[in-house]
Visitor: 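Structure below; questions to follow.
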Protein chains: 2
Amino acid sequence: MELNNHSFLPVSENQPHLPKNDQYKGVPHKKIIRELGLKVTQQRIQILEVVRSGPSHFTAQEVFEIVSESNPDIGFATVYRFLKKLSEQSFVTEVRMGGMPARYEWAAKDHHDHLTCSRCGKIVEFENQKIEDLQEKIALRHGFKLTHHILELYGVCGECQRA
Amino acid sequence: MELNNHSFLPVSENQPHLPKNDQYKGVPHKKIIRELGLKVTQQRIQILEVVRSGPSHFTAQEVFEIVSESNPDIGFATVYRFLKKLSEQSFVTEVRMGGMPARYEWAAKDHHDHLTCSRCGKIVEFENQKIEDLQEKIALRHGFKLTHHILELYGVCGECQRA
DNA sequence: TGGAAAATGATAGTCATTATTATTAAAGGT
DNA sequence: ACCTTTAATAATAATGACTATCATTTTCCA
Ligand SMILES: [Mn+2]
Ligand SMILES: [Mn+2]
Ligand SMILES: [Zn+2]
Ligand SMILES: [Zn+2]
């Protein structure tokens with residue numbers, strides 16, 4: 001899958017139905033790191049800066065590269081480690097598509113799923129309560145207690161259909 | 001995730017609502033290999049034997065191990081290669097969950113999705129037309145032409161809830 | 001401000017998968 | 001059956017995403 005330069009800018013931005021209730025808006029990075037039960041380091045602040053105000057749906061590698069610009073000494077293990085912590089405590093969500101590297105996104109917003117263009121990589125976020133309800137129903141029917149789910153739609157976006 | 005010995009036996013077996021319309025039932029392996037535009041080799045026949053009548057939701061490694069019993073000389077690259085061919089031409093479906101190795105299943109049956117127990121690894125197949133329709137609707141709403149999707153439900157099965 | 005405890009960066013390791021390549025086997029004509 | 005072309009194979013090295021290890025540096029609070 002080829003990805004264009006803008007693949008990771010949230011398409012959500014100009015789509016009113018997209019969920020974006022960041023309950024941590026305005027909370028300083030330091031506070032969040034303490035809330036995780038971790039020590040406050042410059043690296044973690046820099047990573048959080050990217051995670052919270054940089055592009056959505058980023059890979060660990062991308063975060064590493066962005067932080068590297070201002071701090072060339074950071075190690076990528078540090079990025080991986082901290083993203084893992086954030087993901088374990090549900091501050092970021094891991095989104096895995098196919099065999100590609102994991103992508104993360106700041107999770108302090110409502111649950112949603114993804115619609116991805118397999119041509120250009122564009123990602124649209126959506127949420128559909130009817131589908132959520134049906135999933136719950138299916139799980140119950142089989143005696144399962146549902147914990148989470150992955151719903152990823154793939155297709156070709158309008159733009160790419162024309163081209 | 002710990003997996004028990006029986007995780008990969010299709011739970012589907014004794015569940016009447018499960019789709020299992022193998023349109024290639026009775027068609028010899030050789031014929032299918034030729035249909036793929038490939039040469040008929042002993043290895044490919046052996047792999048197809050496992051894929052078509054062995055356990056469902058197998059990994060490449062598992063297929064390799066099973067074939068190895070009767071043919072200790074087979075190389076695992078051969079298994080990967082052939083599974084890839086089969087998957088490219090939609091004879092098997094690749095199912096990827098999290099960061100785990102890819103699982104495959106013979107695809108000549110109706111489309112379905114999976115409900116997985118994250119405790120014991122049990123997999124239940126299901127299909128829900130309402131969800132499929134809603135997905136189609138969502139894609140259209142965003143101008144996408146839908147090509148495929150991944151819907152994986154995770155939870156704890158009844159058995160594991162008791163234990 | 002001293003020092004235990006945690007975090008870091010460098011680096012090596014793991015695991016699934018893919019590429020390379022010399023050797024072998026299949027297909028199709030003779 | 002034999003030859004020839006071409007594809008497939010097995011062994012092996014390489015890749016890519018992550019994870020573990022560990023010696024060194026930071027944090028933080030008593
Ligand atoms: Mn998202
Ligand atoms: Mn299945
Ligand atoms: Zn596109
Ligand atoms: Zn279970």
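In what follows, every chain begins at residue 1, and chains take the letters A, B, ... in the order their sequences are listed.
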Visitor: Starting at atom CZ of Phe58(A), determine the distance to atom P of dC18(D), rounded to an integer number of angstrom.
Guide: 13 Å
Visitor: Identify the heavy atoms of Cys117(B) and Phe144(A) that sit nearest to each other, and give their distance.
Guide: N-CE2, 3.5 Å
Visitor: For the backbone of Val67(B) and the side chain of Ser70(B), can you confirm whether one donor and one acceptor N or O come within less than 3.5 Å of each other?
Guide: yes
Visitor: Give a yes or no answer on whether the side chain of Arg52(A) reaches the backbone of Tyr24(A) with a donor-acceptor pair at less than 3.5 Å.
Guide: yes
Visitor: Looking at every strand, decide which applies to Ala102(A) at a 4.0 Å heavy-atom threshold: base, sugar-phosphate, or nothing.
Guide: sugar-phosphate
Visitor: Does Glu159(A) come within less than 4.0 Å of Arg119(A), counting only side-chain N to carboxylate O?
Guide: no
Visitor: With no hydrogens and no angle check, is any side-chain donor or acceptor of Ser68(B) less than 3.5 Å from a backbone partner on Asn71(B)?
Guide: no
Visitor: Could you state the atom-to-atom distance from CD1 of Ile33(A) to C1' of dT27(D) in whole Å?
Guide: 12 Å
Visitor: Under a 4.0 Å heavy-atom cut-off, which of residues 35-49 of chain B touch DNA chain C?
Guide: Lys39(B), Val40(B)
Visitor: Closer than 4.0 angstrom, basic N to acidic O: yes or no for Arg103(B) and Glu105(B)?
Guide: no
Visitor: Could you list where the contact with chain B starts and ends along DNA chain C, reading 5' to 3', using a 4.0 Å heavy-atom cut-off?
Guide: dA16(C) to dA27(C)
Visitor: State whether the distance check finds a donor on one side and an acceptor on the other, under 3.5 Å, for side chain Arg96(A) versus base dA17(D).
Guide: no
Visitor: Among all residues two or more places apart in sequence or in another chain, which pass the ring-ring contact (aromatic ring centres under 6.0 Å, His included) test with His29(B)?
Guide: none
Visitor: Rounded to the Å, how far apart are Met100(A) CE and dG16(D) C1'?
Guide: 12 Å
Visitor: Does the Gln161(A) side chain pair with the main chain of Val156(A), one donor and one acceptor, at a distance under 3.5 Å?
Guide: yes
Visitor: Rounded to the nearest Å, what distance is computed from the CZ atom of residue Arg81(A) to the P atom of nucleotide dT21(D)?
Guide: 12 Å
Visitor: Inspect the contact between Glu94(B) and Arg96(B) and indicate whether a charged nitrogen and a carboxylate oxygen are less than 4.0 angstrom apart.
Guide: yes
Visitor: Hey, what's the ring geometry for His112(B) with His57(B), parallel, tilted or perpendicular (30° and 60° as the breaks)?
Guide: perpendicular
Visitor: So which of residues 63-77 of chain B are in contact with DNA chain C, with a heavy-atom cut-off of under 4.0 Å?
Guide: Phe76(B), Ala77(B)
Visitor: Compute the angle between the rotation axes at the two ends of the helix from dT1(C)-dA30(D) to dT30(C)-dA1(D), each taken over five pairs, rounded to 10 degrees.
Guide: 30°
Visitor: Kindly write out the residues that satisfy side-chain hydrogen bond (donor to acceptor under 3.5 Å, both in side chains) with Thr41(A), not counting sequence neighbours, or none if the list is empty.
Guide: none
Visitor: Round to the nearest Å and state the distance from Tyr80(A) atom OH to dT21(D) atom P.
Guide: 18 Å
Visitor: Under a 3.5 Å distance rule, please check whether Thr78(A) uses its side chain to pair with a backbone N or O of Ile74(A) as donor and acceptor.
Guide: no
Visitor: Measure from the ring center of His114(B) to the ring center of His149(A) and say whether it is less than 6.0 Å.
Guide: no
